Undergrad: 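My questions will all concern the structure given below.
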Number of protein chains: 2
Amino acid sequence: MASKLDDRKKQILKVVTDDYIASGEPVGSRTIARRYDLGLSPATIRNEMADLEESGFLEQPHTSAGRVPSERGYRYYVDALMARKSLSEKELEVIYGELDQYHEEIESLIHQTSKILVQMTQYPGLVLSPQLQTAIFKHIQLVKLSKSTILVVIVTDTGFVENKMIELQQEISSDELDRLSVLLNQRLRDLSVRDLQLNHFMDLNSELVFHDQLFNEAIKVLIKSLSDRNKNGERVYIEGTAKILEQQEFLDLQKLKPLMGVLEEENRLYKLLYKDVIAKSKVKIGHENEDQVIQDCSVVTASYEIAGRAVGVIGVLGPTRMDYAKVLPIVEGTASVLSELLSQISKRGKL
Amino acid sequence: MASKLDDRKKQILKVVTDDYIASGEPVGSRTIARRYDLGLSPATIRNEMADLEESGFLEQPHTSAGRVPSERGYRYYVDALMARKSLSEKELEVIYGELDQYHEEIESLIHQTSKILVQMTQYPGLVLSPQLQTAIFKHIQLVKLSKSTILVVIVTDTGFVENKMIELQQEISSDELDRLSVLLNQRLRDLSVRDLQLNHFMDLNSELVFHDQLFNEAIKVLIKSLSDRNKNGERVYIEGTAKILEQQEFLDLQKLKPLMGVLEEENRLYKLLYKDVIAKSKVKIGHENEDQVIQDCSVVTASYEIAGRAVGVIGVLGPTRMDYAKVLPIVEGTASVLSELLSQISKRGKL
DNA sequence: TGTTAGCACTCTATCTCAGAGAGTGCTAAC
DNA sequence: GTTAGCACTCTCTGAGATAGAGTGCTAACA
């Protein structure tokens with residue numbers, strides 16, 4: 001299996017892939033000779049295609065059908081062959097305009113982002129919300145709701161507001177609560193949630209001048225509630241699942257069902273995406289995906305940032321026969337616009 | 001079209017409907033005679049069925065097929081024929097147990113509710129979140145985040161916590177903010193959001209002892225932000241959309257596509273449900289639904305309450321050939337469990 | 001008068017089979 | 001190294017033909 005391809009083979013592989021992505025039909029030597037002006041006869045192309053199949057870049061659905069790119073073929077196409085371009089300023093403006101309407105609230109902003117991905121790519125769109133783990137405490141406020149119920153409001157630098165009601169055994173006075181708020185604010189500010197280990201709190205606790213049993217309890221409950229939070233803070237938003245019905249590869253209900261199942265399981269979608277927070281942008285083709293069920297799909301992702309720190313991922317999911325050349329710039333462009341908007345929000349709230 | 005049916009006709013309509021719901025196949029006279037011990041020959045049953053078709057309770061897919069209930073038939077079945085039972089104490093316990101794990105947070109509670117509906121009915125499950133409109137202010141807290149950004153936290157008696165960041169032109173001091181908080185708390189407590197009209201705020205405003213220009217602005221921004229909120233406060237949670245793929249009536253992609261589309265549009269789902277907040281429990285069959293696309297579906301809903309006040313709706317959506325006898329008690333039972341849990345949460349936070 | 005058996009008829013679903021179409025691999029010529 | 005020609009393979013489609021299910025109608029029966 002030689003991985004070195006001469007120029008003509010590259011050209012043919014590119015043309016086959018382009019054509020297959022556009023048409024969905026296996027492409028034959030004759031079609032290529034007619035449709036693309038390569039100056040080659042069908043017979044020559046046939047020979048080259050046989051070679052490409054030999055080296056694993058193309059496949060034949062059955063003996064007398066045309067050729068189709070293999071996963072390896074797609075990989076090579078994405079890495080080396082396809083036209084790579086970025087969105088134009090104007091296109092970015094449009095996305096910006098669409099999203100800017102929702103800058104009031106981070107959750108709708110993210111929601112809207114997935115909708116835009118769907119609209120522009122015609123594939124289901126995914127957004128992994130900013131990870132609480134990497135977020136940095138900015139403000140914590142304790143509000144007394146009733147004798148023993150207090151509301152904890154945490155604001156992070158990523159603009160997220162988290163609420164949690166917690167219950168104490170004893171009553172705590174508003175004054176005490178305020179003092180606790182102040183103390184926690186001083187101590188936690190600029191810590192990331194990741195840093196927030198039990199021992200940080202322990203430190204805090206031991207430093208308390210007026211530590212009494214009540215405070216101990218309050219802090220213990222708080223720790224517990226926050227570490228609960230960590231587990232489930234990140235959400236995956238998905239929109240446009242209905243779009244996969246448009247894909248001819250999923251006309252078959254037997255294939256469709258498990259896929260639809262996955263798209264409903266936030267957990268699995270999370271696993272699909274969370275590793276890509278660190279990757280700038282990534283295309284995962286077929287078996288490169290860990291989840292068995294989507295091994296005839298591809299996932300195109302790009303991470304987005306807040307103030308220069310990668311915090312989340314957006315992406316789309318489609319069949320391996322995905323229009324990578326169209327989708328990749330859209331995903332990347334949308335991620336960059338989202339980054340900009342989130343950074344603005346973050347800055348807005350800076351002290 | 002006589003609506004009066006004699007007992008034998010009722011019995012046959014019931015048996016036909018039961019059988020069709022269970023099998024999905026049009027049921028013929030012979031099948032009934034064999035499968036159910038009515039003491040009637042196929043020929044007699046044929047005659048009765050012809051009558052039932054005449055009066056619009058049954059339909060024939062084509063001449064030489066068995067009979068199928070018409071929408072009118074289903075309606076009669078649901079109203080008068082089907083076995084009506086409630087969930088047993090034990091079944092309610094199970095639901096309670098499942099949901100109680102999530103009582104910490106109202107949103108996950110509601111989310112989980114829709115999952116339970118899916119699991120128990122095998123149809124997509126819907127939950128319309130408690131309506132902010134009918135909620136009652138319990139606490140409002142203004143937190144200063146930066147010079148001009150303040151975070152507004154509103155807690156309602158339904159246990160919901162709403163956050164909104166607002167931006168002022170001028171800086172406001174923490175002290176002033178606290179005074180405003182106190183004032184708003186006094187004035188708004190026990191008002192429903194619905195009551196919150198502009199004039200309430202205007203009253204508030206004119207009563208201010210220390211009204212200065214800054215307060216005016218703060219209040220104006222607050223009004224705006226709250227009325228924005230009202231529009232989008234209610235959310236519809238849907239789970240288990242993949243379940244409709246299991247329904248043989250949607251094997252046809254042409255039928256499936258528009259339906260999947262609807263299930264993704266929160267707006268349309270909202271319209272589907274919001275009227276049922278006042279109805280205790282309801283079955284809407286086929287064309288009884290307003291949305292054209294789901295006119296070959298049925299929706300079974302039940303409203304849930306917080307402290308005796310109906311605030312939201314849960315339900316499932318399935319083909320008109322839905323197992324009403326099984327689904328209705330599940331939906332009603334789940335709604336009652338949810339009501340109980342929400343009321344507990346609400347009580348917990350009472351001052 | 002209501003019920004039932006018998007029978008011809010209708011409609012659908014499924015299976016088979018042949019032919020068309022597309023594309024390949026191989027061979028031989030350029 | 002490239003190309004034309006050709007036999008071969010495989011799929012897809014449509015046309016019958018057939019089996020099966022169920023009906024409606026008629027006539028007989030209690």
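These numbers were taken from a predicted model, which means no experiment stands behind them. Proteins get letters first, then strands, A, B, ... in listed order; numbering begins at 1 in each.
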Undergrad: State which residues pass side chain to side chain contact (heavy atoms under 4.5 Å, CB included) with B:N289; sequence neighbours excluded, sorted by chain then number.
TA: B:K284, B:I294, B:V299

Undergrad: May I ask you to evaluate whether B:R67 reaches the phosphate of D:dG22, defined as a side-chain N or O under 4.0 Å from OP1 or OP2?
TA: no

Undergrad: For DNA chain C, just give me the dot-bracket, please: Watson-Crick or G-U, both distances below 3.5 Å, ( ) intra-strand, [ ] crossing earlier pairs, | paired with another strand, . unpaired.
TA: ||||||||||||||||||||||||||||||

Undergrad: In whole Å, what is the span from the CE atom of B:M49 to the P atom of C:dT4?
TA: 14 Å

Undergrad: Between residues 16-34 of chain A and DNA chain C, which residues have a heavy-atom gap below 4.0 Å?
TA: A:G28, A:S29, A:T31

Undergrad: How many angstroms lie between OG1 in A:T301 and CG in A:D276, if you round to the nearest 0.5 Å?
TA: 3.5 Å

Undergrad: Expressed as a whole number of angstroms, how long is the span from B:D6:CG to C:dT3:P?
TA: 10 Å

Undergrad: Between OG1 of A:T17 and NZ of A:K14, what distance do you get to the nearest 0.5 Å?
TA: 8.5 Å

Undergrad: Identify which one of B:I330, B:V300, B:I116 satisfies the side-chain contact (heavy atoms from CB on, under 4.5 Å) criterion when paired with B:T121.
TA: B:I330

Undergrad: Can you give the donor-acceptor pairs under 3.5 Å from side chains of residues 63-71 of chain B to other protein atoms, not counting sequence neighbours?
TA:
| from | atom 1 | to | atom 2 | distance (Å) |
| --- | --- | --- | --- | --- |
| B:R67 | NE | B:E53 | OE1 | 2.7 |
| B:R67 | NH2 | B:E53 | OE1 | 2.9 |
| B:S70 | OG | B:G56 | O | 2.5 |
| B:S70 | OG | B:F57 | O | 3.2 |
| B:S70 | OG | B:R72 | N | 3.3 |
| B:S70 | OG | B:G73 | N | 3.0 |
| B:E71 | OE1 | B:H287 | N | 3.1 |
| B:E71 | OE1 | B:H287 | ND1 | 3.4 |
| B:E71 | OE2 | B:H287 | N | 3.3 |
| B:E71 | OE2 | B:H287 | ND1 | 2.8 |

Undergrad: Please identify each residue that fulfils side chain to side chain contact (heavy atoms under 4.5 Å, CB included) with A:L253, with sequence neighbours left out.
TA: A:L256, B:L245, B:L251

Undergrad: Could you walk me through whether A:L13 and A:K9 satisfy the side chain to side chain contact (heavy atoms under 4.5 Å, CB included) test, starting with their C-alpha distance in whole Å, then the side-chain angles of each, then the deciding distance to 0.1 Å, before giving a yes or no?
TA: CA-CA 6 Å; A:L13 179 55; A:K9 285 204 173 56; over 6 Å; no

Undergrad: Extract all donor-acceptor atom pairs below 3.5 Å that involve side chains of residues 316-326 of chain B and protein atoms in other chains or at least two apart in sequence.
TA:
| from | atom 1 | to | atom 2 | distance (Å) |
| --- | --- | --- | --- | --- |
| B:R321 | NE | B:E249 | OE1 | 3.4 |
| B:R321 | NE | B:E249 | OE2 | 3.2 |
| B:R321 | NH1 | B:Y20 | O | 3.4 |
| B:R321 | NH1 | B:I21 | O | 2.6 |
| B:R321 | NH2 | B:E249 | OE2 | 3.1 |
| B:D323 | OD1 | B:K326 | N | 3.3 |
| B:Y324 | OH | B:S298 | OG | 2.7 |
| B:Y324 | OH | B:T320 | O | 2.6 |

Undergrad: With sequence neighbours left out, what residues match A:V293 under side chain to side chain contact (heavy atoms under 4.5 Å, CB included)?
TA: A:P258, A:V262, A:R268, A:D291

Undergrad: Tell me, for nucleotides 2-7 of chain D in 5' to 3' order, what letter each nucleotide earns: B for a base near a protein heavy atom under 4.0 Å, S for only sugar-phosphate near one, - for neither?
TA: SBBB--

Undergrad: For residues 31-44 of chain A, which residue pairs pass the side chain to side chain donor-acceptor pair (under 3.5 Å) check, not counting sequence neighbours?
TA: A:D19-A:R35, A:D19-A:Y36, A:S41-A:T44

Undergrad: Over how many whole Å does the gap from B:E53 atom CD to D:dG22 atom C1' extend?
TA: 12 Å

Undergrad: Among residues at least two apart in sequence or on other chains, which ones pass side chain to side chain contact (heavy atoms under 4.5 Å, CB included) with B:D252?
TA: B:Q254, B:K255

Undergrad: Could you pull out all residues at least two apart from B:F250 that satisfy ring pair (Phe, Tyr, Trp, His ring centres under 6.0 Å)?
TA: none

Undergrad: Report each atom pair, protein N/O against N/O of nucleotides 8-14 of chain D, whose distance is under 3.5 angstrom.
TA:
| from | atom 1 | to | atom 2 | distance (Å) |
| --- | --- | --- | --- | --- |
| D:dT9 | O2 | A:S64 | OG | 3.2 |
| D:dC10 | O4' | A:S64 | OG | 3.3 |
| D:dC10 | O2 | A:S64 | OG | 2.9 |

Undergrad: Rounding to a whole Å, what distance do you find between B:L38:CG and C:dG2:P?
TA: 19 Å

Undergrad: Charged N to carboxylate O under 4.0 angstrom, B:E290 versus B:K271?
TA: no

